[in-house]
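Single-structure report; data block below.
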Amino acid sequence: MPTIIGSETASAMRVREHRERKKQAVGNDRLLQCNTNETGGNNLKQICSVERELEIERDKEIEKEGEGEKETPAHATYGRFNNVFLSDAEINGLKSELPGKWEYYIDRLSMHIASSGKQYHNHAATIYKWAQEDADKAVPKKGIPDYSYSEEDSL
């Protein structure tokens, strides 16, 4: 037991040697955390984090190619920071359904995206949702008496 305590295991030694060889070969670049070829003790398929990232990137590229085949309407940029994307049909719908307020909501969404970094799947849907929420706030709730008064009223 005393000879084992504090000593390096064979696996740890292989990993250390692997990292040293990679460091010498690559320089001071980022080392891979996967050493499947060096250890060889695990029969399960191991996927390095770098390999997994490459697979994810390939999948994203394939999805983008598939999206390019679909005929989607072109989206123009709107808002103060040009980060609100709306198609012509969406902008026309906003103009007709929110007359006088559609520009306010576009700028509001643009500032919100720029300041918070949030991403939305559908900018037009977000604007409609916000407009509906604002309209709901303006309507007084049923069952709650109105205690507002003007300066001419006496208490």
Shortest non-hydrogen pair, Trp102 vs Leu94, comes out as CB-O, 3.7 Å

Taking all non-hydrogen atoms of both residues into account, name the closest pair between Glu90 and Asn122 and its distance.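 Closest heavy-atom pair between Glu90 and Asn122: OE2-OD1, 3.8 Å.
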
Any donor-acceptor pair under 3.5 Å from His123 side chain to Leu86 backbone: no

Stepwise, does the side-chain contact (heavy atoms from CB on, under 4.5 Å) test hold for Trp130 with Leu109? CA-CA 9 Å; Trp130 286 358; Leu109 180 58; 3.7 Å; yes

Under the ring-ring contact (aromatic ring centres under 6.0 Å, His included) test, residues paired with Tyr104 that sit two or more places apart: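 Partners of Tyr104 by the ring-ring contact (aromatic ring centres under 6.0 Å, His included) criterion come out as none, since no residue qualifies.
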
Before you tell me yes or no, could you show the steps for Tyr120 and His112 under side-chain contact (heavy atoms from CB on, under 4.5 Å), namely the whole-Å CA-CA distance, both residues' side-chain angles and the distance that decides it to 0.1 Å? CA-CA 11 Å; Tyr120 294 93; His112 180 69; 2.9 Å; yes

List in chain and number order the residues that pass side-chain hydrogen bond (donor to acceptor under 3.5 Å, both in side chains) with Ser110, two or more places apart in sequence or in another chain; answer none if no residue qualifies. Asn83

If you group Ile, Leu, Val, Met, Phe, Trp and Tyr by side-chain heavy-atom gaps below 4.5 Å, do [X] and [Y] land in one group?
X     : Y      : value
Val84 : Tyr128 : yes
Ile91 : Leu98  : yes
Phe81 : Ile127 : no

Going through the distances and angles, do Thr126 and Tyr105 end up as a side-chain contact (heavy atoms from CB on, under 4.5 Å)? CA-CA 9 Å; Thr126 304; Tyr105 283 110; over 6 Å; no

Could you tell me the separation between the [atom1] atom of [X] and the [atom2] atom of [Y], rounded to the nearest 0.5 Å?
X      : Y      : atom1 : atom2 : value
Lys129 : Asp134 : NZ    : CG    : 10.5 Å
Arg108 : Arg80  : CZ    : CZ    : 13.5 Å
Ile106 : Thr77  : CD1   : OG1   : 11.0 Å

Between Arg16 and Met13, is the side-chain contact (heavy atoms from CB on, under 4.5 Å) condition met? List the steps. CA-CA 5 Å; Arg16 183 177 46 76; Met13 184 172 56; 3.6 Å; yes

If you count heavy atoms of other groups shown closer than 6.0 angstrom to CD of Glu133, is the number above 12?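 Atom CD in Glu133 is crowded, with more than 12 foreign heavy atoms closer than 6.0 Å.
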
